[in-house]
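Shown next, in structure tokens, is the structure this report addresses.
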Amino acid sequence: MTTFDLIIRNGKIVTADSIVSGDIAVKEGKIVEVSADKAIEGTAVKEINAEGLHILPGLIDLHVHFNEPGRTEWEGLETGSRSLAAGGATSFFDMPLNSTPPTINKANLDLKKERAEEKSIVNPYYWGGLVPENIADLKDLHENGVIGFKAFMSPSGIADFNNVDDESIFKGMKEIASLGSLLAVHAESTVICDQLAAEKQEQGKTTARDFVESRPIISEIEAVRRIISYAEATGCKLHIVHASSRKVVAVINDAKQRGVDITVETCPHYLSLTVKDLEEKGAIAKCAPPLRDEDEVEDLWASVAAGEINVIASDHSPAPASMKTITDNYFEGWGGISGAQSTLNIMLTEGYFKRNLPLEKIVALTSTNPAELFGLETKGTIAAGFDADITLVDLNEEFVLKAEDLKYRHKHSPYVGKTFKGNVKTTIVNGEVVFTNGEIVEK
């Protein structure tokens, strides 16, 4: 009789293609057998009875800012990875800015890898940065394993991570195309945003609504159109991060139909929060691009349902409470939302339960598509031969998110106080249980 390291029995196994009842067997960190509608024969060192639970592939969050090395007082790889595990995520792609030094050359990448191998409890991957001064370093970064490159078309807010001008981004895209890699872009127009922000503040208009109006949807559209034209000229593959509106997605889909190699993500906060939340909650709901009105939220859900969006990622961008304080000027205070722990909760509550988004589509958006887009050949689904990155969820369990439930370094989030339906019970990374019943499993 075969002996496995782990057998998960009696669950409903969800992939991007199907939902089946069955068992999963794991050995040496890999899924070795998936049995639908019949029990796996054999024994295991550990068995989990998943009766009444749904079994999903672990989420792959391709957009987080864990800020280490250099700014661990903002978050850090230990607390950040724990928050992901508590939310059912088993892999992350860490952005190159916010770390000091930023990930813009091999030496800085090595520093981040060293920290992640020591501290992360989920699988780490790394973005490299594209800044005006590091085009000569892109090849070295690529050859040392970065998942792709990230550039800002508008100021990043980080002094040592410069945004790209048109000339440097064009040159960088030519180099990235030659490497067979891709460029992720924060697409907002510096001219539009800076001019509107200056006008607002000169007139003493500094409310939440004024801040949002200073970064309008047309700013995203202008930048996306411009970067698409550069992609068509250079052949560089593009990924547009955190699109806040279906109007932005429409421009991207037009380019797709012309044959441009381009993908797009949106984030849970654009699917669940509005300008009203920014007005009521203050800086913990401030981000860039900013939150939009309720009609935009509904249009974005329609875009998700129509298959126009490729992936959902958290854009977890934490900061200490001292940086998230706004009195009467919403142009002040750090713009970034802490949300890595709540992605699946939002997709289930707002998507599956409220808008009838199929579980299979949620798995595709949060796991299967990210794995396929970024060449993670052994991740993103539940099948024999794939890594045993698995999340067990009780769809029937409701809970109110409390600050003390958060695994972040700073226990604030715009989602605190919200009632969610669908709770992560267990998270398994490479065959090892790292989170169960509300607690991190300490080694």
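Nothing fancy with the numbering, it's 1 onward along the sequence.
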- Message: For a 4.5 angstrom cut-off between non-hydrogen side-chain atoms, does Ile48 reach Ile7?
- Response: no
- Message: Looking at Asp61 and Ser314, would you say the former's side chain and the latter's main chain have a donor-acceptor pair under 3.5 Å?
- Response: yes
- Message: Closer than 3.5 angstrom, by distance alone: can the side chain of Asn10 be matched with the main-chain N or O of Asn49 as a donor-acceptor pair?
- Response: no
- Criterion salt bridge (Lys or Arg N to Asp or Glu O under 4.0 Å) on Asp23 and Arg9, from CA distance to verdict: CA-CA 4 Å; Asp23 297 354; Arg9 297 195 184 274; 3.0 Å; yes
- Got a sec, which residues hit salt bridge (Lys or Arg N to Asp or Glu O under 4.0 Å) with Lys247, two or more places apart in sequence or on another chain? Glu296
- Item | Phe93 side chain near Val64 side chain, heavy-atom distance below 4.5 Å | no
- Message: Under a 3.5 Å distance rule, please check whether Lys324 uses its side chain to pair with a backbone N or O of Trp334 as donor and acceptor.
- Response: yes
- Task: Compare all side-chain heavy atoms of Trp127 with those of Phe149 and state whether any distance is below 4.5 angstrom.
- Result: no
- Task: Would you mind reporting whether His186 and His242 have side-chain heavy atoms less than 4.5 Å apart?
- Result: yes
- Could you go step by step and tell me if Asp394 and Lys425 meet the salt bridge (Lys or Arg N to Asp or Glu O under 4.0 Å) rule? CA-CA 7 Å; Asp394 186 343; Lys425 305 303 293 182; 5.5 Å; no
- Heavy-atom closest pair (Ile147 atom, Ser181 atom, distance to 0.1 Å) is O-OG, 4.5 Å
- Task: Indicate yes or no: at least one non-hydrogen side-chain atom of Leu395 is less than 4.5 angstrom from one of Leu359.
- Result: yes
- Message: Using salt bridge (Lys or Arg N to Asp or Glu O under 4.0 Å), reason through Arg215 and Glu188 one step at a time and then give a plain yes or no.
- Response: CA-CA 8 Å; Arg215 304 184 87 104; Glu188 287 184 286; 2.9 Å; yes
- Message: Looking at Lys27 and Leu6, would you say the former's side chain and the latter's main chain have a donor-acceptor pair under 3.5 Å?
- Response: no
- Query: Which salt bridge (charged side-chain N to carboxylate O under 4.0 Å, His left out) pairs, counting each pair once, include a residue from residues 144-157, with sequence neighbours left out?
  - Reply: none
- Item | Option among Arg225, Arg292, Arg246 that satisfies the salt bridge (charged side-chain N to carboxylate O under 4.0 Å, His left out) test with Glu220 | Arg292
- Message: Which heavy atom of Ala50 sits nearest to which heavy atom of Ile55, and what is that distance?
- Response: CB-CD1, 4.1 Å
- Task: Please report the closest heavy-atom contact between Cys236 and Ile176, naming both atoms and the distance.
- Result: SG-CG2, 3.8 Å
- Query: Side chains of Phe170 and Val164: closer than 4.5 Å at any heavy-atom pair?
  - Reply: no
- Quick one: does Thr349's side chain have a donor or acceptor within less than 3.5 Å of a partner on Ile346's backbone? no
- Query: Is Lys256 atom NZ crowded by more than 12 heavy atoms from other residues, nucleotides or ligands, each under 6.0 Å away?
  - Reply: yes
- Item | Student check: side-chain heavy atoms of Leu401 and Leu406 closer than 4.5 Å | yes
- Message: Minimum heavy-atom separation for Thr79 and Arg409, please, with both atom names.
- Response: CB-N, 3.7 Å
